[in-house]
Amino acid sequence: MEVINSVSTLKAKVSAFRKDNKQIGLVPTMGALHNGHASLVSRSVKENDVTIVSVFVNPTQFNDKNDLEKYPRTLEADCALLEGIGATLVFAPTVEEIYPEPDTRSFSYAPTDSVMEGAFRPGHFNGVCQIVSKLFMFVEPDKAYFGEKDFQQIAVIKAMVADYRSQNAEWAKRLTICPCPIVRENDGLALSSRNTLLTAAERAIAPNIYKALAESVTFSKSHSVEETKAMAVNAINSVNGLEVQYYEIVNADTLQSVTSWDDAEHIQGCITVFCGATPIRLIDNINYK
Ligand code: PAF
């Protein structure tokens, strides 16, 4: 497995793979890799001839400077994990390499990117689209893998790819976005790079998020959307140290809130919770139907 830092080397490697008719899988990450990332990379290794993993903490998607500074960076351990899984290439550029000048491109896929995370983290999805579109243009992958913990992110990226496809971008026509299921700890906590920032006491209460979501699915069978939402929020807020920022029960395709279980074929609950005094912002989601 090779680790490279420059865009020009990445492009040269990609064109050599293409010449050899290799199918390319891309797994974009911000590093601090865990078993959730490992599941994406393993799937890509199985489904493609070549797997490229990017490790880049993208500053343009952080609306909070402190959050960017605190974000864990563990490149050496990440590379050891990736080598073990069979990744072909790690692309770990500097900020200057990706943004030699400020990226002034603006992406807007309202209402998909304006609700939930889009409303509470202004500019976040614009930054995600900036980096992900650059990676897609550098690598022109056949498949790109994203974890469903960031449920809304996948919807925004799909909207961005559809937009490029409508503009006839060849890379977008080739590309399939592959969503991958959330990987959880034994106690239900969704794996996240941010979990390493939790104190022992915070880590002990964090599983109550998934516990409430899972219980709300059973509850939903005999209650309305509004009652189910209130049940989950109250259960989480009753735990000392947890505070729900938002909980939305939405049409899984459009991300618009539903008021009845009959409003959509697929319904997802998407939550963000502040955990502890710092606080650490944890996101999770669950499928109702
Ligand atoms: O999901 C993430 O880790 C990031 O948002 C991504 C897709 C790697 C873009 O920086």
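As the structure lists them, so they are numbered: ligands from 1, and atoms in each ligand from 1.
Residue Ile182 is not grouped with residue Val273 when hydrophobic side chains (ILVMFWY) are merged at heavy-atom distances under 4.5 angstrom, including chains of intermediate members.
Under the 6.0 Å distance and 45° angle rule, Arg43 does not count as a cation-pi partner of Tyr145.
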May I have the N/O to N/O pairs between ligand 1 and the protein that fall below 3.5 Å, each with atom names and distance to one decimal?
unit_1, atom_1, unit_2, atom_2, d
ligand 1, 1 (O), Gln153, NE2, 2.8
ligand 1, 5 (O), Gln61, NE2, 2.9
ligand 1, 5 (O), Gln153, OE1, 2.7
ligand 1, 10 (O), Gln61, OE1, 2.6

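Ring-plane geometry between Tyr164 and Phe107 is classed as tilted, the angle between the planes lying from 30 to 60 degrees on a 0 to 90 degree scale. Phe146 and Phe136 have perpendicular rings, their planes meeting at more than 60° on a 0 to 90° scale where under 30° would count as parallel.
Tested against Ile85, the residues Ser42, Ser44, Ser39 include a single side chain to side chain contact (heavy atoms under 4.5 Å, CB included) partner, Ser42.
Taking a cutoff of 4.0 Å between a charged side-chain nitrogen and a carboxylate oxygen, Lys158 and Asp163 do not qualify as a salt bridge.
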